[in-house]
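A short worksheet on the structure shown next.
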Amino acid sequence: MATNTSSLKKKSEQVLDGSDIMELVENQEVFTSFVDHKFKELDKDSDGHLSVKELQPAVADIGAALGLPAQGSSPDSDHIYSEVLNEFTQGKQEKVSKTEFKEVLSDILLGMAAGLKRDPIVILRIDGEDLLEFINGPSYEVEMLSVFSQIVSDDAVLPMRDCIVKALEKLTVDQGMPPSPDSWVTSNIIEPALQLWDGNNQEKLVSQETFLEEFKKVAERVAQNLKEQPVIVAHSENTFDGSGIKRLLSNKFELDKLLNTALENVPKDRNGKVSKEYLRVVLDVVAPSASLPPIGAVEQVMQMKVKIL
């Protein structure tokens with residue numbers, strides 16, 4: 001996401017870089033104990049093996065950890081859930097032993113750790129303090145006038161309310177604002193602030209001076225709502241500028257080798273073509289060499305995991 005130059009202090013920041021997962025898997029005693037506990041929890045009939053049905057909660061947990069929507073809500077994500085299940089069953093086993101479960105779980109966790117190391121996720125608790133610091137700070141006027149210039153032009157002047165809503169969408173966690181397009185944020189943080197806003201001139205056209213004044217009023221109410229209902233936001237601070245793609249495309253040998261590796265284990269039709277569903281798998285293999293996050297990660301990381309504290 002775009003990084004603002006203002007240096008607001010982040011409160012309750014936690015960086016997920018995969019080190020905790022790596023530490024868990026590499027500590028054989030701790031990881032074995034973890035697997036034993038999880039296996040016993042899943043093995044409902046206590047027969048020492050996990051059926052496909054018994055594996056489903058573990059697959060669901062892995063999907064949630066990857067930021068996927070609930071199983072059954074999207075064909076694309078359901079395909080990934082199926083791939084995870086196939087990793088455990090090898091696509092043909094009806095029962096999975098504890099040893100097999102441990103091996104596959106280890107591979108999946110190590111893969112997740114490698115992804116987080118490459119593209120760490122920052123977890124923030126946003127409670128309105130940083131937003132208040134921003135709107136009352138020395139950079140407020142300059143930065144918000146810059147935002148104003150982006151959303152208003154001479155031939156497209158917006159009513160005050162629309163202008164304020166669009167301006168809130170421009171703010172980031174750097175200014176203490178959670179992603180405003182998120183439905184929970186809109187319903188519980190922004191709309192209540194707008195409803196209480198004493199904007200008698202909401203529908204009138206807006207000038208720079210009135211915008212700065214009225215936006216601050218709404219932002220103060222947003223900050224108050226965040227204080228009453230703090231939220232947790234997960235986001236990536238990495239910048240993906242296309243330079244990795246350009247570098248990869250300039251090296252034909254490396255590109256051909258990478259594509260051959262990515263395609264060799266992907267199912268193909270009678271004409272040797274790869275279906276759209278499996279193209280996602282190929283792109284995920286190519287992504288690290290192109291300095292890109294896994295496909296879908298940008299959207300999912302930018303989506304907020306909302307939690308009322």
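Given the structure is predicted, the values throughout are model-derived calculations rather than measurements.
With rounding to the nearest 0.5 angstrom, the CD1 atom of Ile108 is 11.5 Å from the CD1 atom of Ile21. Of the inter-residue distances, the one linking Gln175 atom CD with Ile126 atom CD1 reads 10.5 Å to the nearest 0.5 angstrom. Taking CG of Asn136 as the start and CG of Leu132 as the end, the distance is 6.0 Å to the nearest 0.5 Å. Rounding to the nearest 0.5 Å places CG of Asn251 at 10.5 Å from NZ of Lys257. The CG atom of Leu50 sits 11.5 Å away from atom OG1 of Thr89, with the distance rounded to the nearest 0.5 Å. Here CG of Asn86 is found 8.5 Å from CD of Gln90. Values are rounded to the nearest 0.5 Å.
Side-chain contact between Ile164 and Met160 is present, with at least one heavy-atom pair separated by less than 4.5 Å. Residues Phe39 and Glu54 fail the side-chain proximity criterion, which asks for heavy atoms closer than 4.5 Å. With contacts defined as side-chain heavy-atom distances shorter than 4.5 Å, the pair Leu42/Pro57 qualifies. By the 4.5 Å heavy-atom criterion applied to side chains, Val231 and Leu226 are counted as neighbours. Considering only heavy atoms from C-beta on, Met177 stays 4.5 Å or farther from Thr172 through its side chain. Side-chain contact between Phe31 and Leu109: present, with at least one pair of heavy atoms (C-beta onward) separated by less than 4.5 Å. Considering only heavy atoms from C-beta on, Glu209 stays 4.5 Å or farther from Glu213 through its side chain. Using a 4.5 Å cut-off on side-chain heavy atoms (C-beta onward), Asp127 and Lys227 make no contact.
Ser207 and Thr210 form a side-chain donor-acceptor contact under 3.5 Å, judged by distance and modelled atom types alone. Checking Glu220 against Gln224 by side-chain atom types alone, no donor-acceptor pair falls below 3.5 Å.
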Handout entry: Full working for side-chain contact (heavy atoms from CB on, under 4.5 Å) between Tyr140 and Lys216
Key = CA-CA 9 Å; Tyr140 170 72; Lys216 179 174 285 191; 3.6 Å; yes

Practice task
Apply side-chain contact (heavy atoms from CB on, under 4.5 Å) to Asp130 and Asp174, showing your working.
Solution key: CA-CA 8 Å; Asp130 285 347; Asp174 292 301; over 6 Å; no

Handout entry: CA sep, side-chain torsions, deciding dist, call: His79, Glu83, side-chain contact (heavy atoms from CB on, under 4.5 Å)
Key = CA-CA 6 Å; His79 170 71; Glu83 289 297 315; 3.6 Å; yes

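Closest non-hydrogen pair, Phe134 versus Glu143, comes out as CE1-OE1, 3.4 Å. Counting all heavy atoms, side chain and backbone alike, Asn225 lies closest to Pro192 at ND2-CB, 3.9 Å. Contact record, Pro178 with Gly176: CD-O, 3.9 Å, taken as the closest heavy-atom pair. Considering every non-hydrogen atom in both Asp43 and Gly48, the closest pair reads OD2-N, 2.9 Å. Between Ala60 and Tyr81, the shortest heavy-atom distance links the atoms CA-CE2, 4.0 Å. When all heavy atoms of Phe88 and Leu105 are compared, the pair lying nearest together is CE2-N, 4.1 Å.
In this structure Glu41 satisfies the salt bridge (charged side-chain N to carboxylate O under 4.0 Å, His left out) test together with Lys38, sequence neighbours excluded. Applying the salt bridge (charged side-chain N to carboxylate O under 4.0 Å, His left out) rule to Lys252 yields the partners Asp256; only residues at least two apart in sequence or on another chain are considered. With sequence neighbours left out, the side-chain hydrogen bond (donor to acceptor under 3.5 Å, both in side chains) criterion links Ser33 to no other residue. Scanning for side-chain hydrogen bond (donor to acceptor under 3.5 Å, both in side chains) contacts around Asp36 gives Lys98, with sequence neighbours left out. Shown here are the salt bridge (charged side-chain N to carboxylate O under 4.0 Å, His left out) partners of Glu254, two or more places apart in sequence or in another chain: Arg247. Remark: Glu100 pairs with Gln93, Val96, Ser97 by the side chain to side chain contact (heavy atoms under 4.5 Å, CB included) rule, at least two apart or across chains. Annotation: side chain to side chain contact (heavy atoms under 4.5 Å, CB included) contacts of Glu87 (sequence neighbours excluded): Val104. Qualifying side-chain hydrogen bond (donor to acceptor under 3.5 Å, both in side chains) partners for Gln56, counting only residues two or more places apart in sequence or in other chains: none. Every residue two or more places apart in sequence or in another chain that forms a salt bridge (charged side-chain N to carboxylate O under 4.0 Å, His left out) with Lys95 is listed here: Asp45, Asp47. In terms of the side-chain hydrogen bond (donor to acceptor under 3.5 Å, both in side chains) criterion, Lys44 has no residue partners (sequence neighbours excluded). Among residues two or more places apart in sequence or in another chain, the side chain to side chain contact (heavy atoms under 4.5 Å, CB included) test is passed with Asp107 by none. Under the side chain to side chain contact (heavy atoms under 4.5 Å, CB included) criterion, Ala167 pairs with Met144, Val147, Ile151, Phe211, Phe215, sequence neighbours left out.
In summary, Arg161 and Glu191 engage in a salt bridge, as defined by a charged side-chain N under 4.0 Å from a carboxylate O.
Side-chain atoms of Thr32 do not come within 3.5 Å of backbone N or O of Glu29 as any donor-acceptor pair. Between the side chain of Ser106 and the backbone N or O of Lys102 there is no donor-acceptor pair closer than 3.5 Å.
When the shell of 6.0 Å around CD of Glu94 is examined, it contains 12 or fewer heavy atoms from other residues, nucleotides or ligands.
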